[in-house]
Amino acid sequence: MTLHIYNTLSRKKEIFKPLIEGKVYMYVCGPTVYDSCHIGHARSVVVFDVIFRYLKAIGFEVTYVRNFTDVDDKIINRANELGINSSELAEKYIQEFYDDMDALNVERATIEPKATEHIDQIVTLIEKLISKGIAYQVDGDVYFSVNSFQGYGRLSGRKLEDMMAGARIKVDQRKKNPFDFALWKSAKPDEPCWESPWGKGRPGWHIECSAMSSEYLGDTLDIHGGGKDLIFPHHENEIAQSESASGKPFVRFWIHNGFVNINQEKMSKSLGNFLMIKDVLKEYHPEVVRLFLLSKHYRSPVDFTDQFLKEAELGLDKIYALLERIEKATGSGREKEAAAGKSGQGDIWVRFAEAMDDDFNSAQAIGIIFDSVKSINRRLNNKNISSESMQIIKKGYEDILRIGNILGILTESPSVYFAAKKLSGIEKGSIDSDLIDKMVLERSTARKEKDWARADKIRQELLDMNILIEDTAEGTLWTIG
RNA sequence: GGCGGCAUAGCCAAGUGGUAAGGCAACGGUCUGCAAAACCGUCAUCCACCAGUUCGAAUCUGGUUGCCGCCUCCA
């Protein structure tokens, strides 16, 4: 199957072919760095991280640009509140962004440009738009004239006339059309600013993406992504700016991810229910968060609740438990797999790729993992595993690890994963592990003496302490429930 | 008011023309001293509702109802 991608522009799934064979030029709108990243940022970044990894895995050479908006009203306001310099504030949150994303095992984009480092390109682009008569200057501001761009509203399916009818915005009398938007804003006192032909000022929000994408990716991008909310006005305005300047189509495939709700409510300032990534990661393993986020299709809204995260955790445990079982049974480990390279593609990988080829259907792809977990466990349950069966198990192991590599999960060795899980459980529940060990030992002694009553009593006591017991061939293990 | 999206079992969720993946929960079984884990089995004659197109629809069309998002900063 060939890769199909849902294109916001056509509202259809289309066969994906890059403009230049074998190369993909992709731009995704990054954060405005004025506050900590919330779980919604995590979804967007993780979704496009997986898209980036998958495109590379199927053989594309991908140039992926994700920007930082590091100058804007929100940053300035916040910096003023805190009484610090706006660039200090931006720097602080860029660092936090990296901390969060590294924790979430997000790969770095190929290029991660900042708006403030591309003022020259922005000014040049605005000058071009002015010279074409598409942008106009009023006092120290420059506006884009939406009437000058034929296709305005095409991405979001809006018509200017319709929007006028329901206009709820304050009309700035200096604008030719209420929907004209700022390309350049003149500086107020004490605001960060740069020299320009129109006086001191700073770029508007939308222009930086047009300037930086053409700088690094050319006039026509294969893929441009971002959250659904950016469709209007941000991406609509980007199209208007870029196409007006270059005269070429700006983006071939628009990809937009859905929102994250918290307990069925939209995250919003008024509800005060913003869930920050760093706080979520205090409670859950980063791979649990990734597995959760990817278990729904990227375009659908997703509801973030404790229950669903716990389910994702159970699922991740299940996959790691299988990996551990296979490693014990076959003596293989991920070092050996790595050395062997990613030769050969088993059935599981092929099914995974089919799911991903259908508009990056990671939800279906995850279903395939669990399906495989079950069938491999079934093989491992056999007393005598045939060499043929063992080969299938090994191939399954390779495939699952390779899939994990695309989804950004299963990066740890199972023993490390489970040990860390136990340790964090001990810390969170302030559990006295020496005491538990002692009780488990006592129970083992009782079992040896076939004193079942005593053994079961101890197990019940442990259970009351939320400790689960597992008797295996290698001895008794305990985990936190 | 304008534009767009969604509605699948107790819950989560794939499936977009060929007769309902997967996960969680529940129940029965194999295994086990008993458990746990793993596995096996049961769990939607049916996909919000109504009409239509079709040999055939959860999937297409029209309508109804309900929920949600965007139109103002927002991933």
Side-chain angles (χ1 to χ4, degrees), chain A residues 8 11 13 28-32 34-35 37-48 72-74 77 153 156-170 179 205 225-234 236 256-261 264-269 274 291-292 295-297 299-303 305 307-308 310-315 317-319 321-322 324-325 351 355 358 361-383 447 450-453 455-456 459-460 463 468-472 476-479 481:
Chain A
T8 308
R11 289 170 235 287
K13 282 184 198 170
V28 175
C29 291
T32 299
Y34 72 106
D35 202 351
C37 288
H38 54 66
I39 193 69
H41 292 107
R43 184 180 197 195
S44 179
V45 175
V46 166
V47 160
F48 287 103
D72 137 292
D73 290 346
K74 293 192 293 293
N77 292 340
S156 54
R158 288 155 214 265
K159 294 193 188 90
L160 277 170
E161 310 86 75
D162 294 345
M163 290 196 291
M164 302 290 213
R168 278 166 36 184
I169 56 173
K170 279 180 274 174
F179 289 93
W205 174 33
K228 261 197 165 89
D229 53 332
L230 296 180
I231 295 173
F232 189 88
H234 186 53
E236 197 71 72
H256 292 98
N257 66 276
F259 284 124
V260 179
N261 294 130
Q264 295 173 28
E265 282 180 333
K266 179 183 154 78
M267 277 194 280
S268 74
K269 293 264 191 294
F274 273 83
L291 186 65
F292 165 74
S295 63
K296 259 203 169 197
H297 189 94
R299 279 188 278 123
S300 310
V302 63
D303 193 24
T305 70
Q307 186 209 331
F308 299 153
K310 292 223 164 73
E311 282 179 17
E313 183 169 33
L314 230 46
D317 286 356
K318 195 169 174 155
I319 304 170
L322 174 81
E324 187 165 49
R325 243 189 126 184
R351 289 174 63 206
D358 184 12
N361 193 337
S362 58
Q364 188 178 28
I366 287 166
I368 290 161
I369 298 178
F370 285 116
D371 213 20
S372 312
V373 167
K374 189 188 275 189
S375 74
I376 295 173
N377 262 319
R378 190 186 306 145
R379 286 179 187 281
L380 289 164
N381 278 355
N382 274 322
K383 287 271 182 286
R447 288 183 72 225
K450 298 206 191 295
D451 185 351
W452 308 128
D456 290 349
R459 184 174 57 202
Q460 186 54 50
L463 193 62
L468 305 175
I469 289 294
E470 194 175 335
D471 296 321
T472 72
T476 300
L477 307 175
W478 61 271
T479 52

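Within every chain, numbering begins at 1; the chains are lettered A, B, ... in the order of the sequence lines, protein sequences first and strands thereafter.
- A donor-acceptor contact shorter than 3.5 Å links the side chain of Asp303(A) to the backbone of Gln264(A).
- Regarding contacts with the backbone of C70(B), a side-chain N or O of Lys266(A) is found under 4.0 angstrom from either OP1 or OP2.
- When the nearest nucleotides of RNA chain B are assigned to Asp229(A) and Gln307(A) by heavy-atom distance, the more 5′-ward of the two goes with Gln307(A).
- For the P atoms, the distance from A48(B) to A7(B) is 8 Å, rounded to whole Å.
- Side-chain to base pairing of Asp471(A) with C34(B): one donor and one acceptor N or O lie within less than 3.5 Å of each other.
- Look at the P atom in both C71(B) and A26(B): the space between them is 42 Å, to the nearest Å.
- When all heavy atoms of Ala355(A) and Ile368(A) are compared, the pair lying nearest together is CB-CD1, 4.1 Å.
- Searching all strands for a Watson-Crick or G-U wobble partner of U16(B) with both distances below 3.5 Å returns nothing.
- Atom CG of Asp35(A) and atom C1' of C73(B) are 13 Å apart (whole Å).
- Between Glu265(A) atom CD and C68(B) atom C1' there is a gap of 13 Å when expressed in whole angstrom units.
- For His297(A), taking side-chain heavy atoms from C-beta onward, the closest of the listed nucleotides C34(B), A14(B), C70(B) is A14(B).
- Looking only at distances, a side-chain donor or acceptor of Thr305(A) sits under 3.5 Å from a matching main-chain atom of Phe308(A).
- Across all strands shown, Gly153(A) has no heavy atoms under 4.0 Å from either base or sugar-phosphate atoms.
- Counting to the nearest Å, the P atom of C73(B) and the CG atom of Leu230(A) are 12 Å from each other.
- Between Asp303(A) atom CG and C6(B) atom C1' there is a gap of 14 Å when expressed in whole angstrom units.
- Rounded to the nearest Å, the gap between the C1' atom of A58(B) and that of U45(B) is 13 Å.
- C73(B) is unpaired under the Watson-Crick or G-U wobble criterion, no partner having all donor-acceptor distances under 3.5 Å.
- Set against C39(B), C70(B), G15(B), the side chain of Asn361(A) has G15(B) as its closest nucleotide.
- Residue-level contact check: Gly367(A) touches the bases, meaning some heavy atom is under 4.0 Å from a base atom.
- Between the side chain of Arg459(A) and the base of C34(B), a donor-acceptor pair under 3.5 Å is found.
- Put simply, Asn377(A) has a side-chain N or O that comes within less than 4.0 Å of OP1 or OP2 on C39(B).
- Proximity note for Glu470(A) (side chain, C-beta onward) versus C40(B), G69(B), A37(B): the nearest is A37(B).
- Side-chain contact between Arg325(A) and Ile376(A) is absent, with no heavy-atom pair separated by less than 4.5 Å.
- Ring stacking is absent between Phe370(A) and G22(B), as the pair misses the limits of under 5.5 Å between centres and under 30 degrees between planes.
- When heavy atoms are screened at a 4.0 angstrom cut-off, Gly315(A) is found touching no nucleic acid atom at all.
- Using the Watson-Crick or G-U wobble rule with both distances under 3.5 Å, C31(B) pairs with nothing in any strand shown.
- Here the side chain of Arg158(A) is nearest to one of C73(B), G22(B), C71(B), namely C71(B).
- Atom CG in Asn261(A) sits roughly 15 Å away from atom P in A75(B) (whole-Å rounding).
- Across A21(B) and C47(B), the matching P atoms stand 15 Å from one another, rounded to whole Å.
- Between G22(B), C39(B), C34(B), one nucleotide has an atom nearer to the side chain of Asp456(A) than all others, and that is C34(B).
- If you take atom P in C50(B) and the same atom in A57(B), they sit 15 Å apart, rounded to whole Å.
- Under 3.5 Å, the side chains of Asp471(A) and Thr476(A) contain a donor-acceptor pair of N or O atoms.
- For Trp452(A), the listed nucleotide lying nearest its side chain is G33(B); candidates were G33(B), A75(B), C39(B).
- No engagement by Ile231(A) is indicated, since no non-hydrogen atom pair under 4.0 Å with the nucleic acid exists.
- Figure legend. C49(B) is base-paired to G63(B); pairs are counted as Watson-Crick or G-U wobble with both atom distances under 3.5 Å.
- A donor-acceptor pair under 3.5 Å is formed between the side chain of Ser375(A) and the backbone N or O of Ser372(A).
- Across G28(B) and G17(B), the matching C1' atoms stand 38 Å from one another, rounded to whole Å.
- When heavy atoms are screened at a 4.0 angstrom cut-off, Val260(A) is found touching base atoms of the nucleic acid.
- A cation-pi geometry, defined here as NZ or CZ lying under 6.0 Å from the six-membered ring centre and within 45° of its normal, does not hold between Lys228(A) and Phe259(A).
- Comparing C71(B), C73(B), A75(B) against the side chain of Asn257(A) picks out A75(B) as the nearest.
- When both distances must be under 3.5 Å, the Watson-Crick or G-U wobble mate of U42(B) is A26(B).
- By the 4.5 Å heavy-atom criterion applied to side chains, His234(A) and Cys29(A) are counted as neighbours.
- Between Trp478(A) and the phosphate of A36(B), there is no side-chain N or O to OP1/OP2 separation shorter than 4.0 Å.
- Along RNA chain B, the nucleotide nearest Arg351(A) and the nucleotide nearest Arg325(A) are compared for position; the residue whose nucleotide lies closer to the 5' end is Arg351(A).
- Taking atom CD of residue Glu311(A) and atom C1' of nucleotide G22(B), one finds them 12 Å apart after rounding to whole Å.
- The side chain of Ala363(A) lies closest to A14(B) when the candidates are C74(B), C34(B), A14(B).
- A straight line from CG of Asp72(A) to P of C74(B) spans 7 Å, rounded to a whole angstrom.
- Backbone-only contact: Leu314(A) has heavy atoms under 4.0 Å from sugar-phosphate atoms and none from a base.
- Atom name C1', nucleotides G56(B) and A20(B): the rounded distance is 16 Å, in whole Å.
- What separates NZ of Lys374(A) from C1' of G23(B) is a distance of 10 Å, to the nearest Å.
- Within 4.0 Å (heavy atoms only), Lys318(A) reaches sugar-phosphate atoms of the nucleic acid but no base atom.
- As judged by a 4.0 angstrom heavy-atom cut-off over every strand, Phe232(A) is placed among residues touching the sugar-phosphate backbone only.
- Using a 4.0 Å cut-off between a side-chain N of Lys or Arg and a carboxylate O of Asp or Glu, Lys74(A) and Asp35(A) do not qualify as a salt bridge.
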